Amino acid sequence: MPELPEVETFVRNFRPGLVGRRIVAFESHWKRNVRPREQVAARAMRGKQIEAVNRRGKLIVLHLSGGKVVLIHLRMSGRLEWGEPGAAEPRHVRAAWRLDSGRRLLLCDARKFGRIWVADDIAAAVGTLGPEPLDPHFTASALAARLAGRRRQIKPLLLDQSVVAGLGNIYTDESLFYARIHPLTRSDRLAPGQVRRLHAAIRRVLRTAIDRHGTTIDWIYPGGRMQRELAVYGRAGEPCRRCGALIVALRVGQRGTHVCPRCQPAAER
DNA sequence: TGAATTGTTATCGT
DNA sequence: AACGATAACAATTC
């Protein structure tokens with residue numbers, strides 16, 4: 001569930017408590033999800049200072065003194081919490097970084113799908129990521145270039161992190177709605193104007209969602225306000241805010257997908 | 001109780 | 001062979 005806006009919100013909320021702090025210890029018994037294995041990762045992090053905290057796609061990136069990076073992917077149900085001395089321990093703690101401030105940074109994850117890497121750089125851990133959709137270099141023509149030569153359905157293509165980094169199910173559906181593109185449309189059938197609309201929609205949706213601190217739609221991610229403003233996601237059977245037609249749920253690439261049948265006419269085959 | 005949930009990867013087919 | 005579609009997987013909640 002955490003997509004780019006939710007990850008960005010975590011980064012902004014936790015950055016002040018992290019930058020400049022030193023990692024005293026790393027504790028985890030999350031064998032399957034920590035790379036390299038816990039003791040090796042712990043040794044690489046111990047004593048290092050956190051010099052910067054930022055985001056790349058859906059990854060949280062801690063830049064450590066000495067040059068290594070710690071990458072945290074929240075996947076479906078991960079979230080960051082502070083472990084305060086004397087406070088009750090949150091549920092589902094999978095990893096903890098003890099800091100010289102006396103606090104612990106906790107990665108909590110009910111479903112255990114999250115991941116932690118300690119690596120020399122992002123590419124070494126997760127391979128190639130597509131451009132940041134909010135970066136100035138991500139222009140409409142840059143998007144068009146990334147779609148060129150592909151003939152996949154547009155929705156799975158947008159979910160592919162090597163095409164654009166950071167979009168997940170919610171914001172892909174929202175972006176396609178504002179661009180008035182049906183999610184099954186083949187990418188090579190998009191007119192230049194549609195690509196420009198899609199580019200603008202992606203940036204508009206992500207910027208708005210960051211401003212609202214992300215989307216809270218269930219118990220997993222608290223604190224967001226974007227759910228009030230979603231146009232299609234999770235609104236099956238409700239009227240389209242633009243035209244009044246009823247929002248339809250369908251399945252695209254194994255994913256729950258939401259469209260306005262009038263605003264997003266199905267691509268003819 | 002089992003259906004729903006998601007990003008990634010493995011696998012199958014074209 | 002490269003790409004696209006699909007299945008599988010992790011584990012939990014309601």
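For clarity, every value in this text was computed on a predicted model and none was experimentally measured. The chains referred to below are lettered A, B, ... by the order of the sequence lines, with proteins before strands, and numbering in each begins at 1.
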- Query: Contact class for Gly168(A) vs. all strands (heavy atom < 4.0 Å): base, sugar-phosphate, or nothing?
  - Reply: sugar-phosphate

- Do the side-chain N or O atoms of Gln254(A) get closer than 4.0 angstrom to the phosphate oxygens (OP1, OP2) of dA5(C)? no

- Task: Rounded to the nearest angstrom, tell me the gap between atom CG in Leu159(A) and atom P in dA5(C).
- Result: 13 Å

- Message: In whole Å, I'd like the distance from the CZ atom of Arg75(A) to the P atom of dA10(C).
- Response: 12 Å

- Looking across every strand, which nucleic acid part, if any, lies under 4.0 Å from Arg152(A) by heavy atom: base, sugar-phosphate, or nothing? sugar-phosphate

- Arg79(A) atom CZ is separated from dT13(C) atom P, nearest whole Å, by 11 Å

- For Arg111(A) and for Asp160(A), locate the closest nucleotide of DNA chain B by heavy-atom distance; then report the residue assigned to the nucleotide nearer the 5' terminus. Arg111(A)

- Message: Does a side-chain N or O of His73(A) approach OP1 or OP2 of dT6(B) to a distance below 4.0 Å, or not?
- Response: no

- Item | Check ion pair Arg56(A)-Glu132(A) (N to O, under 4.0 angstrom) | yes

- Checking all strands, does Tyr221(A) fall into the base, sugar-phosphate, or nothing category for heavy-atom contacts under 4.0 angstrom? nothing

- Contact class for Arg115(A) vs. all strands (heavy atom < 4.0 Å): base, sugar-phosphate, or nothing? nothing

- What's the CG-C1' distance between Asn33(A) and dT12(C), to the nearest Å? 14 Å

- When rounded to whole Å, the CH2 to C1' distance for the pair Trp30(A) and dA10(C) reads 10 Å

- Task: Using whole Å, report how far CZ of Arg146(A) lies from C1' of dC3(C).
- Result: 16 Å

- Item | Ionic contact status for Arg94(A) with Asp109(A), cut-off 4.0 Å | no

- Check every atom of dT13(C), dA10(C), dT6(B) against the side chain of Met76(A) and return the nucleotide holding the closest atom. dT6(B)

- Task: Would you mind telling me which residue lines up with the more 5' stretch of DNA chain C, Trp219(A) or Gln153(A), judged by nearest nucleotide?
- Result: Gln153(A)

- Quickly work out the Leu71(A) CG to dT8(B) P distance and round it to whole Å. 13 Å

- Is any side-chain nitrogen or oxygen of Arg251(A) closer than 4.0 Å to OP1 or OP2 of dA4(B)? no

- Query: Is the centre of the Phe177(A) ring less than 6.0 Å from the centre of the His258(A) ring?
  - Reply: no

- Message: Go nucleotide by nucleotide along DNA chain C from the 5' end; which of Arg150(A) and Phe113(A) gets its closest nucleotide reached first?
- Response: Arg150(A)

- Task: Mark yes or no: Arg204(A) above the aromatic ring of Tyr178(A), with NZ or CZ under 6.0 Å from the six-membered ring centre and no more than 45 degrees from the axis.
- Result: yes

- Item | Phe26(A): ring pair (Phe, Tyr, Trp, His ring centres under 6.0 Å) partners, not counting sequence neighbours | Trp97(A)

- Ile170(A) atom CD1 is separated from dA4(B) atom P, nearest whole Å, by 18 Å

